[in-house]
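As the structure is a computational prediction, the values presented were derived from the model and not from experiment. All heavy atoms count here, side chains included; hydrogens, waters and symmetry mates do not. Throughout, residue positions are numbered sequentially from 1 according to the sequence presented.
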Amino acid sequence: YKPRIYISSMPGIGDVNITLPTGQKLRIECKKGEENKSGLEYRLMREAIGQIMTSFELSDDIIPVVAVPFSEKSYNLASKWSEYKQMKQLGIKFFLVQDEGIVIV
């Protein structure tokens, strides 16, 4: 298997697209925060969720992902929201990216 990663800023296909060996596709909407500013987590995460819901057709082979900077607030929101029935039904996942590049799933 030869991995393929497509990075795109074209509306409608996500910011990062990864085809997995299973044939499933990660469609990742990324949002970045302003350095040294907290309190943006709620807005960034909701904006990314909205883009997932309105930018591309969800199908059984697509795993929608929200990627935002890691903070205690974004971790708490992701933990809470990932348990919501609607998030589970849509299969929305959260990737929280630390400054060192480590991704918390």
Taking all heavy atoms of Y75 and all of L96, pick out the closest pair and write down the distance. CA-CD1, 3.5 Å
Does M53 reach the side chain of I49, with side-chain heavy atoms less than 4.5 Å apart? yes
Between S74 and P69, the two heavy atoms sitting closest are OG-O, 3.0 Å
Residues forming a side chain to side chain contact (heavy atoms under 4.5 Å, CB included) with K31, sequence neighbours excluded: L44, E47, A48, Q51, V68
Validation row: L26, I63 side chains within 4.5 angstrom (heavy atoms): yes
Which heavy atom in I52 sits nearest to a heavy atom in P64, and how many Å separate them? CG2-CB, 3.6 Å
Distance, nearest 0.5 Å, that separates CG of D15 from CZ of R27: 11.5 Å
Drop me the distance from R43's CZ to E41's CD, to the nearest 0.5 angstrom. 10.0 Å
Return the CD1 to OG distance between I92 and S82, rounded to the nearest 0.5 Å. 11.0 Å
So does Y84 have more than 12 non-hydrogen atoms from other groups sitting under 6.0 Å from OH? yes
Can you find a heavy atom in the side chain of V66 that is under 4.5 Å from one in the side chain of W81? no
To check you understand the geometry: which heavy-atom pair defines the closest contact between G14 and E29, and what is its length? CA-OE2, 3.3 Å
Contact check, side chains of F70 and V97, non-hydrogen atoms, under 4.5 Å: no
For residues 55-71, the salt bridge (charged side-chain N to carboxylate O under 4.0 Å, His left out) pairs (sequence neighbours left out) are K25-D61
